[in-house]
Amino acid sequence: ESKKSVPIIFPIADNDKLCALSHLSEGSYMPAGRSYAGYDWESPAGKNARLTYACENSECEVYLSKDITYYLTCYQHTLSKEDNVARFLEKSTFGPTKSIIDSWDYSKPDLSSSFAEFVSNEIAKPATFHREYFRERVNMRTIESYKYGMSGP
């Protein structure tokens with residue numbers, strides 16, 4: 001690397017974090033790299049992809065110009081147990097209701113065991129079929145179809 005740049009080592013962001021590296025250019029913050037959710041540091045797409053990150057183990061090395069001021073910002077994201085349950089139900093059902101989320105058993109310290117138990121209970125239920133449900137409710141047959149122009153028996 002050139003004498004105008006210095007090597008800097010950044011840790012890879014934890015699973016619940018987003019870290020962004022940026023610099024000020026013409027009054028706007030321009031992205032220079034990011035690491036999130038345990039992934040290696042990476043350059044942004046497009047014309048701002050000027051830096052190369054060399055990652056090994058849990059840290060990445062990058063050469064930064066001495067002439068540019070860089071800003072490192074990290075954000076931590078956490079979800080409540082209720083939000084985690086809602087997210088799980090959004091992915092595994094046709095959509096949760098507030099009553100289902102409120103009735104969830106939050107006493108277990110690890111929600112993944114509750115999720116596995118929920119899936120097992122759902123699989124154990126008797127199957128319901130859309131076709132049967134649909135036929136019971138659509139295209140009702142009438143006895144006196146000739147009076148109303150509807151399909152008959």
Side-chain angles (χ1 to χ4, degrees), residues 1-140:
E1 294 294 322
S2 73
K3 293 185 182 197
K4 288 190 169 189
S5 61
V6 292
I8 304 291
I9 295 177
F10 292 117
I12 293 172
D14 295 332
N15 284 332
D16 59 347
K17 284 187 182 176
L18 160 68
C19 291
L21 183 66
S22 58
H23 63 89
L24 200 56
S25 174
E26 299 176 15
S28 297
Y29 287 98
M30 302 303 291
R34 70 177 181 181
S35 173
Y36 61 95
Y39 291 106
D40 290 349
W41 279 86
E42 60 188 18
S43 290
K47 65 180 182 177
N48 293 313
R50 297 183 181 134
L51 300 176
T52 303
Y53 296 88
C55 299
E56 204 173 286
N57 299 324
S58 61
E59 50 190 34
C60 297
E61 182 181 60
V62 63
Y63 284 84
L64 300 179
S65 172
K66 293 180 183 180
D67 301 331
I68 300 174
T69 301
Y70 289 91
Y71 301 91
L72 177 64
T73 310
C74 292
Y75 305 92
Q76 185 164 3
H77 178 67
T78 57
L79 292 175
S80 67
K81 284 188 172 185
E82 290 81 7
D83 289 338
N84 274 317
V85 167
R87 179 179 276 185
F88 166 75
L89 291 171
E90 285 172 356
K91 294 177 181 179
S92 61
T93 67
F94 287 107
T97 62
K98 183 77 171 125
S99 62
I100 292 173
I101 295 168
D102 291 341
S103 67
W104 195 271
D105 179 14
Y106 294 100
S107 63
K108 297 178 181 176
D110 181 22
L111 284 177
S112 61
S113 62
S114 295
F115 296 158
E117 184 178 326
F118 175 83
V119 170
S120 295
N121 290 340
E122 290 297 304
I123 290 172
K125 290 180 181 179
T128 57
F129 300 99
H130 176 73
R131 185 175 189 166
E132 177 183 328
Y133 177 87
F134 183 77
R135 285 199 169 172
E136 288 175 1
R137 289 161 178 79
V138 177
N139 198 17
M140 300 300 291

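Given the structure is predicted, the values throughout are model-derived calculations rather than measurements.
- Tyr71 is linked by a side-chain contact (heavy atoms from CB on, under 4.5 Å) to Ser22, Leu24, Tyr29, Thr69, counting only residues two or more places apart in sequence or in another chain.
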Compile the donor-acceptor pairs under 3.5 Å between side chains in residues 111-126 and protein atoms, sequence neighbours left out, one pair per line.
{"unit_1": "Ser112", "atom_1": "OG", "unit_2": "Asp110", "atom_2": "OD1", "d": "3.0"}
{"unit_1": "Ser112", "atom_1": "OG", "unit_2": "Asp110", "atom_2": "OD2", "d": "2.7"}
{"unit_1": "Ser113", "atom_1": "OG", "unit_2": "Asp110", "atom_2": "O", "d": "3.0"}
{"unit_1": "Glu117", "atom_1": "OE1", "unit_2": "Lys108", "atom_2": "NZ", "d": "2.5"}
{"unit_1": "Ser120", "atom_1": "OG", "unit_2": "Ala116", "atom_2": "O", "d": "3.1"}
{"unit_1": "Asn121", "atom_1": "ND2", "unit_2": "Glu117", "atom_2": "O", "d": "3.4"}
{"unit_1": "Glu122", "atom_1": "OE2", "unit_2": "Lys125", "atom_2": "NZ", "d": "2.9"}

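- Under the disulfide (SG to SG under 2.5 Å) criterion, no residue pair touches residues 94-132, with sequence neighbours excluded.
- Atom CG of Leu21 is separated from atom CH2 of Trp41 by 5.5 Å, given to the nearest 0.5 angstrom.
- For residues 63-74, the set of pairs meeting the salt bridge (charged side-chain N to carboxylate O under 4.0 Å, His left out) definition, not counting sequence neighbours, comprises Lys4-Asp67.
- Atom OH of Tyr75 has 12 or fewer neighbouring heavy atoms from other residues, nucleotides or ligands inside a 6.0 Å radius.
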What pairs of donor and acceptor atoms, side-chain ones from residues 49-57 against any protein atom, are under 3.5 angstrom apart with sequence neighbours left out?
{"unit_1": "Tyr53", "atom_1": "OH", "unit_2": "Ala32", "atom_2": "O", "d": "2.7"}

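- Expressed to the nearest 0.5 Å, how far OG of Ser28 lies from NE2 of His23 amounts to 10.5 Å.
- Partners of His77 according to the ring-ring contact (aromatic ring centres under 6.0 Å, His included) rule, which considers only residues two or more places apart in sequence or in another chain, do not exist here.
- The side-chain contact (heavy atoms from CB on, under 4.5 Å) check on Thr97 picks up Ser99, Ile100, with sequence neighbours excluded.
- By the side-chain contact (heavy atoms from CB on, under 4.5 Å) test, Pro96 is found to be paired with Leu89, Glu90, Thr93, Ile101, residues two or more places apart in sequence or in another chain being considered.
- The NZ atom of Lys98 sits 10.5 Å away from the OG atom of Ser103 when rounded to the nearest 0.5 Å.
- Under the rule for a salt bridge (charged side-chain N to carboxylate O under 4.0 Å, His left out), Glu61 has no partner lying at least two apart in sequence or in another chain.
- Contacts classified as salt bridge (charged side-chain N to carboxylate O under 4.0 Å, His left out) and involving residues 73-82 (residues at least two apart or in different chains) are not found.
- Under the side-chain contact (heavy atoms from CB on, under 4.5 Å) criterion, Pro109 pairs with no residue, sequence neighbours left out.
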Pairs of donor and acceptor atoms involving the side chains of residues 9-19, under 3.5 Å and at least two apart or interchain, shall be tabulated with distances.
{"unit_1": "Asp16", "atom_1": "OD2", "unit_2": "Gln76", "atom_2": "NE2", "d": "2.8"}

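- For the residue pair Phe129 and Ala127, the shortest heavy atom distance occurs at CZ-CB, 3.9 Å.
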